[in-house]
Amino acid sequence: MEQLVKLIPLFPLISFAIIGMLNRRLTKTHTAIFACTGVFLSFIDSLLVFIAQTQHHTTVEVQIYEWITVANFNSAISFLVDPLSSVFLMVITGVGFLIHVFSVGYMKDDDGFRRFFAYLNLFIFFMLILVLGNNFLVMFIGWEGVGFCSFMLIGFWYKDQKNNDAAKKAFVMNRIGDLGFLIAMCLIFTNFSTLNYSTLFAPGFITANPVSTGSLTLITICLFIGAMGKSAQIPLYTWLPDAMAGPTPVSALIHAATMVTAGIYMVARTNVLFSLTPDTMMFVAVIGIATALLGAVIGLFQNDIKKVLAYSTVSQLGLMFLALGVGAYTAAVFHVVTHAFFKALLFLGSGSVIHSMGGEQDIRKMGGLKKHMPVTYFTFLVGTLAISGIPPLAGFFSKDEILASALGQHPVWFVLGMLVSLMTAFYMFRLLYLTFHGQFRGTHEQEHHLHESPSNMTIPLIILAICAIFAGFIGFPHAVGQALGIHNWFGHFLSPVLGESEIHFSAATELTLMAITTVLIIIVILIARNIYITKKTLPTPEHEPLPAGKNIIYNKFFVDEFYNKLVTKPLDRFSEFLSSSFDKGVIEGIVNGFGKLTVRTGQTVRLLQNGNLGFYVIAIVVALISLFLIFLV
Amino acid sequence: MQTLSGIPLNYYIYLSTALFCIGVLGVMVRRNAIIMFMCIELMLNAVNLLMVAFSRYLGDSSGQVFVFFIMAVAAAEVAVGLAILIMIYRNAKTSDTEVLNELKL
Amino acid sequence: MLTLLLILFPFLTALLLMSFSDKMARPIALGSAVIELILACFTLFTLQNGQTGLLGLNYTWSSSLGISFSIAIDGISMLMILIASLVMPLVIYFSFNKQYNNPRLLYALMMVMQSAMIGVFCAADGFLFYIFWEIALIPIYFICLMWGGENRQRITFKFFIYTLLGSLFMLLALIYVYLQSPERSFDIQVLYAAGRNMSVIEQGWVMGAFFLAFAVKMPVFPFHTWQPDTYYTAPTAGVIMLSGIMSKMATYGLIRWVLPMVPQGVFEYGHIPIILSVISIIYASCISIIQKDFKYLIAYASIAHLGLISAGILSANTQSLQGALIEMLSHAVNTVGLFVVYDIIVKRTGTSEMSRLGGLRAIDSSFAFMFFIIVLSVVALPFTSGFVGEFLLILGLFKNSPVLGSIAGLSIILGVVYMFRSFQTMMLGPTSPSMLGLPKLNIREKSTLFIVVILIIVFGVYPKPILAITENTIKTLLEGIQ
């Protein structure tokens with residue numbers, strides 16, 4: 001078992017090393033084989049570990065080696081496998097593998113094929129480290145590592161300066177969060193003298209320490225700031241839509257399924273701390289729902305297929321944080337799993353579309369793709385249904401659980417969450433209709449080029465679609481499930497780490513809830529259908545003016561511009577001031593002033609030394625006489 | 001007041017002070033190097049006179065020993081100094097110190 | 001004896017070098033640097049076997065003044081010697097890439113400098129420390145003056161005067177403590193005892209005087225203005241020695257002389273230099289952001305890192321000290337890497353102005369990759385050597401003062417901004433046609449960078465052996481000052 005755990009991250013690392021070192025000496029086929037095998041082996045390994053977990057429920061701790069040991073600070077590279085991490089392992093390696101397979105087809109004509117797979121493998125490695133880590137510092141390795149891979153992959157097409165800017169923006173914003181994480185680690189260490197999960201989260205350990213609620217709140221807030229950066233929450237969310245500059249499989253893997261959920265993982269992992277600090281929980285819930293709403297609203301009017309999905313991801317992540325904030329950790333993790341499936345599916349589907357459209361991402365230029373790309377269409381439809389929350393697809397169950405938990409906490413959460421779901425359904429169906437239905441609106445050349453993607457791209461889509469349909473059943477709602485004799489396996493499985501859900505409604509309440517949400521969602525879908533199919537409304541072309549409200553939304557509330565004005569520009573100006581005025585002026589002036597003073601003094605004093613002997617003698621005599629007068633008289 | 005060979009000590013002091021002042025004034029006022037040189041000798045000898053007088057007065061011979069030292073040093077100084085003066089004269093055709101300002105910046 | 005050999009060997013090679021022809025200068029210099037490294041490794045081995053008897057040496061120099069030629073090596077000195085002897089072969093090896101005038105003299109001066117710096121790291125006598133400290137300044141002055149770029153007279157003169165003036169304060173402080181000692185001796189233990197017996201205010205002043213000298217050398221805000229220009233004008237070999245090793249003399253001095261000698265002064269008044277150091281971090285990072293020239297950027301980035309080290313050392317706890325030491329190593333390695341990258345770029349394009357560069361990745365993708373690893377180490381990404389040091393430093397500083405620790409932590413954000421900006425501007429983006437025909441990296445450039453990258457990763461992934469070198473010494477040191 002321990003050996004198995006050690007091997008999980010090793011496979012992708014090895015394939016990364018092989019691809020990285022041999023590089024040009026490998027053919028594309030071999031690269032693809034190495035890359036996919038690495039992740040596949042890791043997946044099999046994770047599967048074995050996961051099965052063992054479901055059977056034994058024992059947490060496994062493996063120490064690889066001692067990393068940083070300084071006095072009482074001790075941080076080993078060690079792994080922890082418990083239900084929570086094993087779920088994430090499955091998602092990462094499973095979805096990761098499918099995306100690898102998809103990428104083989106998607107990237108086959110790209111010059112950077114090898115580089116792409118090398119980074120992708122490295123990403124999987126770091127992501128696995130992130131979830132496997134047995135202390136905060138190991139999580140931090142993965143945390144920063146995935147950020148770095150994300151940077152490399154967003155800026156994958158590095159010749160375009162826009163991509164590089166997006167990559168840098170992502171990394172800098174992540175780093176702002178990372179600083180929060182770093183400070184949280186420092187706080188945890190100064191308060192508890194350990195960063196190890198097993199010590200820290202042992203029952204009663206926190207409460208046994210004399211730590212004030214204030215510092216606990218500070219710790220959790222700082223941790224959450226870290227999560228904000230990585231999981232694109234307000235105010236650090238603007239990097240995620242820009243991150244779509246990377247190749248689409250990257251968006252699917254990193255910016256939808258895995259890396260961005262690291263923040264959820266972190267909060268779930270540290271739920272012991274969060275549960276003790278209601279203030280932070282409140283904060284998390286507020287940020288979560290605000291982000292969810294913001295993402296959904298912006299998503300309503302975006303015209304770039306990937307931007308819509310990106311804002312949808314922001315919004316869904318917000319929902320997960322809402323779940324965390326109301327204490328429904330299981331619901332959040334459950335949504336991570338289902339979201340990974342359907343969002344990866346949607347992104348890959350959009351990738352398939354973009355591939356077929358020859359790189360075009362604007363949905364105003366698509367339409368009617370249904371008949372050209374049937375597999376993509378049906379799988380995309382499944383994804384759309386799932387994310388909209390139509391029973392019995394995966395998204396329905398997880399969203400329902402979040403909404404139910406939200407209702408249990410406070411009806412406001414529920415109403416707002418509901419609003420998010422409705423908007424989600426609307427913009428997703430808008431996307432679906434504009435892309436796949438109606439008439440084709442692109443150029444003639446593009447239309448000629450349209451084709452269904454090859455099988456190595458469609459098969460992952462199909463598998464993901466199957467998952468998106470059935471994955472929900474693992475977390476069948478408690479009350480209804482009891483009535484039907486179906487057991488909420490997922491909640492039960494995670495309960496050793498996340499605790500049992502405290503909110504239980506009667507079967508009737510739950511059913512009513514489901515019915516209401518479903519009906520409302522279907523109404524929204526019908527509205528969307530009415531607008532985009534029956535009335536054939538099209539979004540406004542790029543350069544035509546939009547109504548004021550819509551314009552603000554279309555331009556994402558000008559948040560980027562605002563940040564630019566508020567942070568970037570002032571920082572630049574401040575630096576400029578420090579450099580040219582303060583450094584070169586004041587400090588350098590003072591230093592050189594000393595030098596000049598010395599020179600001036602010298603120039604003045606040397607006038608005394610005029611070489612006139614008589615003058616010297618007079619000076620001596622005068623000096624002698626005055627000394628004589630001073631001391632003797 | 002004690003006397004040395006019938007002359008009071010004060011008189012020695014007056015004399016040597018006068019000599020010394022003449023020397024100082026000479027160095028200060030005159031420009032000719034040789035005269036300045038002589039004035040310096042005058043100052044040295046004023047001191048010598050004073051030392052001998054006090055040595056006798058206090059009955060301590062070490063003052064007279066110092067006088068010999070000073071005379072020896074003065075002799076050496078004269079030797080070197082005059083040599084330099086001659087060289088200067090050869091080069092500048094004068095012994096006026098005002099003219100010798102080539103080393104000034 | 002071994003210690004004496006470590007100090008004398010480079011010096012003797014320098015003499016030897018002068019008697020050979022220019023042609024022989026390179027192999028002799030490289031050979032000597034490698035032998036020195038082997039010697040240093042052997043010393044490390046001896047130290048770890050506990051045969052410390054071999055390492056100390058104590059000759060009375062002037063008994064009336066209480067000065068002795070006393071040298072010793074403990075864990076901290078050992079690490080510093082390792083840094084010095086690790087950087088040297090790399091610098092010399094890489095310097096073959098360029099045709100320097102009068103190479104004999106250059107290498108001889110470098111060797112003398114190494115000798116003096118190792119002397120600084122081993123000195124167990126205040127007076128000897130001061131002497132080595134000043135000797136080390138002379139060769140680098142000539143290196144910058146004779147092989148430097150434009151404006152070198154003015155800039156090196158300023159550098160020389162500035163650092164000399166700074167060290168005068170150190171001398172004053174040393175003499176002051178010496179005068180307080182009942183034995184009137186410059187022996188390190190005597191000075192420690194004398195220093196600790198002083199009143200807190202006196203200790204504070206002594207700390208201030210020492211810090212002034214070290215702050216100039218490191219440098220720390222606001223004593224840094226000599227540094228960017230000097231780095232800019234100095235030849236690559238010289239600047240690596242300046243930034244890679246010489247700045248460590250100052251941080252080493254803080255650990256060796258200030259902490260144990262005036263601990264109460266540090267506890268009581270340490271926040272002033274710590275605040276200066278933290279200002280230095282933020283200040284230099286901000287200035288780095290808008291630098292247009294890559295070499296100036298490296299210079300300011302270096303100020304930021306040394307500020308963190310200095311703040312960590314004065315925080316005086318195990319984490320911060322260990323962090324400081326490993327960060328010194330990491331900084332030395334990174335510095336070599338960055339300046340090598342600078343040299344490679346300038347050699348090809350003739351400029352280090354970033355806006356005129358772009359798309360250099362097209363020259364050689366492995367170059368871009370290795371450069372990027374170095375960048376990652378500078379911004380302290382986990383599994384690079386930079387992370388271990390910076391994390392421990394921030395943790396240690398945080399234990400001392402959470403607010404300052406958090407402010408210092410801002411450097412990880414600002415670091416990304418300026419390092420990534422420079423990397424992207426120079427390496428990525430469209431390649432201008434004039435950059436297309438540039439030659440690929442030659443084997444020497446590649447191997448130097450490769451060694452740097454390997455070191456970065458090895459120290460980052462497995463820092464334990466490095467931490468182990470200094471572990472006990474730091475423990476003793478901290479026990480001593482409690």
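The figures that follow rest on heavy atoms only: side chains count, while hydrogens, waters and symmetry mates do not. Labels below follow one simple rule: chain letters A, B, ... track the order of the sequence lines, proteins then strands, and each chain is numbered from 1.
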Hey, would you say the C:Phe391 and A:Phe73 ring centroids sit under 6.0 Å apart?
yes
Test item: A:Trp67 side-chain N/O and C:Gly460 main-chain N/O as donor-acceptor pair under 3.5 Å:
yes
For the residue pair A:Phe151 and C:Phe372, is the inter-centroid distance of their aromatic rings smaller than 6.0 Å?
yes
Can you tell which part of A:Met152 gets under 4.5 Å to a heavy atom of chain C, answering side chain, backbone, both or neither?
side chain
Please classify the contact between C:Leu467 and chain A as side chain, backbone, both or neither, with a heavy-atom cut-off of under 4.5 Å.
side chain
Could you tell me which portion of C:Leu478 (side chain, backbone, both or neither) has an atom closer than 4.5 angstrom to a non-hydrogen atom of chain A?
neither
With a 4.5 angstrom heavy-atom cut-off, is it the side chain or the backbone of C:Tyr300 that approaches chain A, or both, or neither?
side chain
Cut-off 4.5 Å, heavy atoms of chain A, and the answer for C:Ile289 is side chain
Show, in sequence, the C-alpha distance, side-chain angles and deciding distance for A:Phe189 and C:Lys399, and conclude whether the side chain to side chain contact (heavy atoms under 4.5 Å, CB included) test is met.
CA-CA 9 Å; A:Phe189 182 72; C:Lys399 271 169 89 173; 4.3 Å; yes
Please classify the contact of C:Leu321 with chain A as side chain, backbone, both or neither, using a heavy-atom distance under 4.5 Å.
neither
Closest heavy-atom pair, C:Gly429 versus A:Gln161, reported as atoms and distance to 0.1 Å, is CA-OE1, 3.7 Å
Check whether A:Glu144 reaches the backbone of C:Leu381 with its side chain - one donor and one acceptor, N or O, closer than 3.5 Å.
no
Minimum-distance pair of heavy atoms, taken over all atoms of C:Pro463 and A:Ile68:
CG-CG1, 4.2 Å
Where on A:Lys584 is there a heavy atom nearer than 4.5 Å to chain C: the side chain, the backbone, both, or neither?
side chain
Identify all side-chain donor-acceptor contacts of residues 116-143 of chain A below 3.5 Å with residues at least two apart in sequence or on another chain.
from: A:Asn121; atom 1: OD1; to: A:Ser15; atom 2: OG; distance (Å): 3.3
from: A:Asn121; atom 1: ND2; to: A:Ser15; atom 2: OG; distance (Å): 3.3
from: A:Asn121; atom 1: ND2; to: A:Phe117; atom 2: O; distance (Å): 3.3
from: A:Asn134; atom 1: ND2; to: A:Glu61; atom 2: OE1; distance (Å): 2.9
from: A:Asn135; atom 1: OD1; to: A:Leu137; atom 2: N; distance (Å): 3.1
from: A:Asn135; atom 1: OD1; to: A:Val138; atom 2: N; distance (Å): 2.8
from: A:Asn135; atom 1: ND2; to: A:Ala76; atom 2: O; distance (Å): 3.1
from: A:Asn135; atom 1: ND2; to: A:Asn196; atom 2: OD1; distance (Å): 3.3
from: A:Trp143; atom 1: NE1; to: A:Asp178; atom 2: OD1; distance (Å): 2.7

Is C:Arg361 in contact with chain A via its backbone, its side chain, both, or neither, using a 4.5 Å heavy-atom distance?
side chain
Polar contact flag, side-chain donor to acceptor under 3.5 angstrom, C:Gln319-A:Asn72:
yes
Mind listing the closest non-hydrogen atom pair of A:Leu571 and C:Cys286 along with its distance?
CD1-SG, 4.3 Å
Set out, in order, the CA-CA distance, both residues' side-chain angles and the distance that settles side chain to side chain contact (heavy atoms under 4.5 Å, CB included) for C:Ile287 and A:Ser575, then state yes or no.
CA-CA 5 Å; C:Ile287 292 187; A:Ser575 306; 5.9 Å; no
Residue selection (most heavy-atom pairs with chain C, distance under 4.5 Å) from A:Ser579, A:Ser75, A:Ala167
A:Ser579
With a 3.5 Å cut-off and sequence neighbours excluded, list the donor-acceptor pairs that the side chains of residues 154-162 of chain C form with protein atoms.
from: C:Thr156; atom 1: OG1; to: C:Arg152; atom 2: O; distance (Å): 2.4
from: C:Thr156; atom 1: OG1; to: C:Gln153; atom 2: O; distance (Å): 3.4
from: C:Lys158; atom 1: NZ; to: A:Glu588; atom 2: OE1; distance (Å): 3.2
from: C:Lys158; atom 1: NZ; to: A:Glu588; atom 2: OE2; distance (Å): 2.9
from: C:Lys158; atom 1: NZ; to: A:Asn592; atom 2: OD1; distance (Å): 3.3

Side chain, backbone, both or neither: which part of A:Tyr65 has a non-hydrogen atom closer than 4.5 Å to chain C?
side chain
Which of the residues A:Asp583, A:Ile590, A:Leu578 is involved in the greatest number of heavy-atom pairs with chain C at under 4.5 angstrom?
A:Asp583
Closest heavy-atom contact between A:Ile176 and C:Ile413?
CA-CD1, 3.6 Å
Looking at A:Arg175 and C:Val416, would you say the former's side chain and the latter's main chain have a donor-acceptor pair under 3.5 Å?
no
When heavy-atom pairs shorter than 4.5 Å are enumerated against chain C, which of A:Ile183, A:Ile77, A:Val591, A:Leu179 gives the highest number?
A:Leu179
Minimum heavy-atom distance between C:Pro222 and A:Ile587, given as atom pair plus value:
O-CG2, 3.5 Å
